[in-house]
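Here the structure is laid out as structure tokens; the discussion comes afterwards.
Index from 1, following the sequence. Order of listing sets the numbers, starting from 1, for every ligand and every atom in it.
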Amino acid sequence: VTTLDAHLAGGRGPDAADLADLVRALAAAGVTIADELARAALIGQLGTTGDTNVQGEKVKKLDVWANDVVVAALDATGRACTLVSEEMEEIRHRPERCAGGRFAVCFDPVDGSSNLDVNGIVGTIFSVLPRRGAGADHARADALQPGTAQVAAGYIMYGPSTLLMLTTGDGVHGFTLDRAQGVWIRTHTNVRIPARGRTYSINDGNFTRWPDGVRGFVEHIRAIDVASGRPYTARYAGSLVMDVHRTLLEGGIYLYPEDAAGSGKQSTGKLRLMYECSPMGMLVESAGGAASTGRARVRELAPTSPHQRVPLLIGSLEDVRLAEEFYAARRA
Ligand code: AHM
Ligand code: MG
């Protein structure tokens, strides 16, 4: 039996111990969040706060509460001096924590929060970047790095069990929370995503707004061709952690494309680069898969703002490459 602590103790490199502190803090926040989710209906923690955030979305009580939990856990380590969160409009830079704080952490405390009020699966997503900043614009230099700079990425999935999936650049490993003992046990070692899957995951309600490449690709994988394993089957939870987790283990593709020009409001896609697409990209690539905008590798994008949205096509290598061919109109 290998615990998360033992796994982290095997980390190499000069920053391994500090990084382990951060991961332990995020895992501890995950235990607290899992407990709260389990009793949210009993203690009045479902529903909205009554506020609307800058992005025009109704703020859920658990979003705000969980953000405070993650921030407090990271602050207590003294290792993260720059924080970016879906729930915080501004980059949060704490100069007094920079002495021992070698990292910037980007996170979404409760992703998939439309599932909260229906007892659906949600998750916490995180991305760890090395600290870069110096000079006047140091907070932005820390926060806005391409996904290739990440030193760790992961998510905590609050499902029938609570599961932490993690990469520190050395494969993807999963740890299931043993609630009775209060420890995380490694249950998934060196996860590899199948080169091709049989499942696609996309919000079909956006059909009229999909770009042509996505329409063509989805039509292709829905068409019957027994020899090439088509049609694919459809699965969509509306919770990125759930949908990516299934894709990671079983293969296939998840898509959240941009709206076609002139057809809608999400011309850059919906999902956020820094704390949704980039960490999921590191995880899936580390398992042998791919993460693309349709036209470029997600992890190579140079971010311009902390809440930037980008299109996301993620999953099995062959499925993502095929979707890119449709995007480039090399296939129709
Ligand atoms: P959120 O951060 O506001 O929860 O939005 C992100 C979520 C993802 O978990 C999920 O994949 C996607 O939004 C679902 O969006 P939609 O409801 O438009 O299909
Ligand atoms: Mg989110």
At a 4.0 Å threshold, what atoms of ligand 1 neighbour a non-hydrogen atom of [X]?
| X | answer |
| --- | --- |
| Y236 | 14 (C), 15 (O), 16 (P), 19 (O) |
| D108 | 2 (O) |
| G238 | 9 (O), 10 (C), 14 (C) |
| N203 | 16 (P), 18 (O), 19 (O) |
| E86 | 1 (P), 2 (O), 3 (O) |
| E276 | 2 (O), 6 (C) |
| S113 | 4 (O) |
| G112 | 4 (O), 9 (O) |

Q | Side-chain donor-acceptor pair present, Q145, R132, cut-off under 3.5 Å | A |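 Per modelled atom types, Q145 and R132 side chains form a pair under 3.5 Å.
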Q. Looking only at side chains, do S201 and R246 share a donor and an acceptor under 3.5 Å apart?
A.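 Note: S201 and R246 side chains meet the donor-acceptor criterion.
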Considering distance alone, does some N or O of [X] sit under 3.5 Å from an N or O of ligand 1?
| X | answer |
| --- | --- |
| Y254 | yes |
| L271 | no |
| N206 | no |
| V241 | no |

Q: Considering heavy atoms of the protein only, find what lies nearest to atom 18 (O) of ligand 1 and give residue, atom and distance to 0.1 Å.
A: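 Closest protein heavy atom to atom 18 (O) of ligand 1: Y256 OH, 2.6 Å.
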Q | atom 13 (O) of ligand 1: nearest protein contact (heavy atom, Å) | A |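 Result: K270 NZ, 2.8 Å.
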Q | Nonpolar side-chain network containing W210, other nodes, edges under 4.5 Å | A |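 Grouped by the 4.5 Å side-chain rule, Y200, I202, F207, V214, F217, V218, I221, Y232, I253, L255, L313, V320, L322, F326, Y327 form the rest of the cluster around W210.
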Q. Would R24 and D21 count as a salt bridge (charged side-chain N to carboxylate O under 4.0 Å, His left out) if you check the C-alpha gap in whole Å, the side-chain angles of each, and the deciding distance to 0.1 Å?
A. CA-CA 5 Å; R24 274 194 294 270; D21 284 350; 2.7 Å; yes
**Q.** Of R295, R209, K270, the residue whose pairing with E258 passes salt bridge (charged side-chain N to carboxylate O under 4.0 Å, His left out)
**A.**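 Going through R295, R209, K270 one by one, the salt bridge (charged side-chain N to carboxylate O under 4.0 Å, His left out) with E258 is satisfied by R295 alone.
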Sub-4.0 Å heavy-atom approach of [X] to ligand 1:
| X | value |
| --- | --- |
| D111 | yes |
| S114 | no |
| E57 | no |

Q: Identify the residue among I193, T199, L248, T247 that makes a side-chain contact (heavy atoms from CB on, under 4.5 Å) with S316.
A: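 The option that passes is I193.
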Q) Between CG of L312 and OH of Y256, what distance do you get to the nearest 0.5 Å? A)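 The distance works out to 11.5 Å.
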Q: Describe, in one word, how the ring planes of H138 and H93 are oriented to each other, choosing from parallel (under 30°), tilted (30 to 60°) and perpendicular (over 60°).
A: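 Rings of H138 and H93: tilted, 30 to 60°.
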Kindly work out whether a path of hydrophobic side-chain contacts (I/L/V/M/F/W/Y, heavy atoms less than 4.5 Å apart) joins [X] to [Y].
| X | Y | value |
| --- | --- | --- |
| Y275 | V110 | no |
| L301 | L129 | yes |
| V151 | V84 | no |

Q | Salt-bridge contact D75-R94 (side-chain N to carboxylate O under 4.0 Å) | A |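 Salt bridge: yes.
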Q: State whether R222 and D204 are salt-bridged, where the test is any N-O pair (Lys NZ or Arg NE/NH1/NH2 against Asp/Glu carboxylate O) under 4.0 Å.
A: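 Between D204 and R222 there is a salt bridge, with a charged N closer than 4.0 Å to a carboxylate O.
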**Q.** CG (D5) with more than 12 external heavy atoms under 6.0 Å
**A.**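 Result for CG/D5: enclosed.
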(Q) Could you enumerate the protein N, O or S atoms under 2.8 Å from the Mg ion (ligand 2), written like residue then atom name? (A)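 Those protein N, O or S atoms (cut-off: under 2.8 Å from the Mg ion (ligand 2)) are E86 OE1, D108 OD2, D111 OD1, E276 OE2.
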